[in-house]
Peer 1: 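Supplied in structure tokens, the structure appears directly below.
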Amino acid sequence: MTARDRILSAIRATLGPGKPPERIAAEAAALLEDPDAARPRLAAPELPEAFALKAAALGTTIDRIATLAEVPRAMARYLDAHGLPPRFAMQPAPELAALDWAGLAPHPGIAADEPAALGLALYGIAESGSLVIHSGPENPILLSFLPLHHVVLLREATLLPYLEDYAARLAAQAIPRNAILITGPSGTTDIEGSYVRGAHGPGFLHVILIAG
């Protein structure tokens, strides 16, 4: 008997006889009967407040505005506050192109050393303060990875309570080539336990939360 055979034999002896498939299916169904019993409580009763609290705890900054038309002013505020130039990369989405960008200089391309970029989130997840972004013809994937400052627009109407709510939406639609979940700015403590910001992506994440 090989070492592998001895290990597998010991595992089988410990596990004992397996459960019949119908019992496994019944136990799985029972777990799904009351999902709220296993879900964590949200940080606040309302989804926008719950999302903002979780996101801010992870280092994401939040700006709340009433309408999409206020986005240029909100973007100008952010750039000014961080001493950034008025030129920034922007997702080539029609609803963004239609806004009044007077005094700012958005451009469609994105460079490897892009200071700032602006894009749209598909969903926000209140449970974790996460953003969901799908790649596509109007949303280049590098927009979420290359800039130092990543500014994301999120409509309150697209907030979902829990991660599995997003999974259910994803199962009912065409699967994108890339589905990105962003939870806070990029950072790592891999090297000697020292925190390094922006190690694998944007070092700053800013969400403009739009009510209407």
Side-chain angles (χ1 to χ4, degrees), residues 40 42-43 50-63 71 74-75 77-93 96 105-155 158-167 169-171 173-210:
L42 296 180
F51 173 87
L53 286 170
K54 293 297 290 187
L58 295 165
T60 303
T61 54
I62 306 288
D63 187 5
V71 167
M75 188 64 181
R77 283 196 301 271
Y78 182 82
L79 295 174
D80 289 344
H82 290 82
L84 296 170
R87 179 175 171 80
F88 59 92
M90 187 172 74
Q91 179 180 338
L96 297 183
H107 59 91
I110 183 162
D113 59 349
E114 198 73 52
L118 174 67
L120 297 162
L122 183 61
Y123 301 114
I125 300 173
E127 174 188 10
S128 57
S130 302
L131 299 166
V132 178
I133 294 175
H134 287 182
S135 65
E138 295 180 354
N139 195 9
I141 190 73
L142 293 179
L143 200 74
S144 299
F145 292 96
L146 292 183
L148 177 61
H149 294 260
H150 190 196
V151 182
V152 183
L153 306 180
L154 175 65
R155 290 187 180 275
T158 64
L159 284 167
L160 304 173
Y162 295 97
L163 181 61
E164 55 264 38
D165 297 313
Y166 163 61
R169 299 283 184 100
L170 186 62
Q173 64 184 69
I175 303 298
R177 183 174 185 181
N178 296 282
I180 311 164
L181 274 75
I182 302 173
T183 307
S186 171
T188 183
T189 56
D190 288 347
I191 302 174
E192 298 182 351
S194 299
Y195 178 66
V196 178
R197 190 167 189 161
H200 307 111
F204 298 86
L205 179 63
H206 182 65
V207 174
I208 300 175
L209 196 55
I210 307 171

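Along the sequence shown, residues carry numbers from 1.
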Peer 1: Which pair of non-hydrogen atoms, one from Gly129 and one from Lys54, has the smallest distance, and what is that distance?
Peer 2: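 So the minimum-distance heavy-atom pair works out to N-CB, 3.7 Å.
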Peer 1: Are the side chains of Leu79 and Met75 in contact, using a 4.5 Å heavy-atom criterion?
Peer 2: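 Yes. Closest side-chain heavy atoms under 4.5 Å.
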Peer 1: Look at the aromatic rings of Tyr123 and His134 and report parallel, tilted or perpendicular, splitting at 30° and 60°.
Peer 2: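 Perpendicular, since the angle between the ring planes exceeds 60°.
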Peer 1: So, Gln91 side chain and Pro140 main chain: donor-acceptor pair closer than 3.5 Å or not?
Peer 2: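 No.
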Peer 1: Could you pull out the closest heavy-atom pair between Ile110 and Ala117, with the gap in Å?
Peer 2: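 Nearest heavy atoms, Ile110 then Ala117: CD1-CB, 4.4 Å.
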Peer 1: Do Leu122 and Thr158 come close enough that some side-chain heavy atom pair is under 4.5 Å?
Peer 2: no
Peer 1: How long is the gap from CG on Leu209 to CG on Asp63, to the nearest 0.5 Å?
Peer 2: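 Reported value, rounded in 0.5 Å steps: 9.0 Å.
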Peer 1: Enumerate the residue pairs fulfilling salt bridge (Lys or Arg N to Asp or Glu O under 4.0 Å) with a member in residues 108-134, sequence neighbours excluded, ordered by first and then second residue.
Peer 2: none
Peer 1: Return yes if some donor-acceptor pair links the side-chain N/O of His107 with the main-chain N/O of Gly109 below 3.5 Å, else return no.
Peer 2: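 Flag set: sc His107 to bb Gly109 pair under 3.5 Å.
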Peer 1: Check whether any side-chain heavy atom of Ile133 lies under 4.5 Å from a side-chain heavy atom of His150, and answer yes or no.
Peer 2: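 Touching, per the 4.5 Å side-chain cut-off.
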Peer 1: What distance do Asn178 atom CG and Ser144 atom OG have between them, rounded to the nearest 0.5 Å?
Peer 2: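 Separation between the atoms: 9.5 Å.
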Peer 1: Please say which of Asn139, Leu153, Ile210 ends up in a side chain to side chain contact (heavy atoms under 4.5 Å, CB included) with Leu120.
Peer 2: Leu153
Peer 1: Please check if the side chain of Tyr78 supplies one atom and the backbone of Leu84 the other of a donor-acceptor pair under 3.5 Å.
Peer 2: no
Peer 1: Quick one: are Leu154 and Phe51 in side-chain contact, heavy atoms under 4.5 Å?
Peer 2: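 Yes, at least one pair of side-chain atoms sits under 4.5 Å.
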Peer 1: Give a yes or no on this: more than 12 heavy atoms of other residues, nucleotides or ligands lie within 6.0 Å of atom CZ of Arg169.
Peer 2: no
Peer 1: Does the side chain of Leu143 reach to within under 4.5 Å of the side chain of Ser135, using non-hydrogen atoms?
Peer 2: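 They are not in contact (no side-chain heavy atoms under 4.5 Å apart), so the answer is no.
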Peer 1: With rounding to the nearest 0.5 angstrom, report the CG to CG distance, Asp165 to Leu170.
Peer 2: 12.5 Å
Peer 1: Which pair of heavy atoms, one from Ala55 and one from Ile62, lies closest together, and at what distance?
Peer 2: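 Heavy atoms of Ala55 and Ile62 come nearest at CB-CD1, 4.1 Å.
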Peer 1: Determine, step by step, whether Phe88 and His149 satisfy the ring pair (Phe, Tyr, Trp, His ring centres under 6.0 Å) criterion, reporting the C-alpha distance in whole Å, the side-chain angles of both residues, the deciding distance to 0.1 Å, and the verdict.
Peer 2: CA-CA 10 Å; Phe88 59 92; His149 294 260; over 10 Å; no
Peer 1: Closest approach of Thr183 and Ser128, non-hydrogen atoms and distance?
Peer 2: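 Result for this residue pair: CG2-O, 3.6 Å.
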Peer 1: With heavy-atom distances below 4.5 Å as the criterion, would you say the side chains of Leu160 and Val132 are in contact?
Peer 2: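 No, every pair of side-chain atoms sits at 4.5 Å or beyond.
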Peer 1: Taking the side chain as every heavy atom from C-beta outward, state whether Pro147 and Phe204 have any atom pair closer than 4.5 Å.
Peer 2: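 Contact flag for Pro147/Phe204 side chains = no.
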Peer 1: Specify the closest pair of heavy atoms between Ala43 and Leu53, including all atoms of both residues, with the distance to one decimal.
Peer 2: O-CD1, 3.7 Å
Peer 1: Evaluate the side-chain proximity of Ser130 to Ile182: yes if any heavy-atom separation is below 4.5 Å, no if none is.
Peer 2: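 Answer no - side chains too far apart.
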Peer 1: Of all the heavy-atom pairs spanning Ile125 and Pro161, show the shortest one and how long it is.
Peer 2: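 So the minimum-distance heavy-atom pair works out to CG2-O, 4.1 Å.
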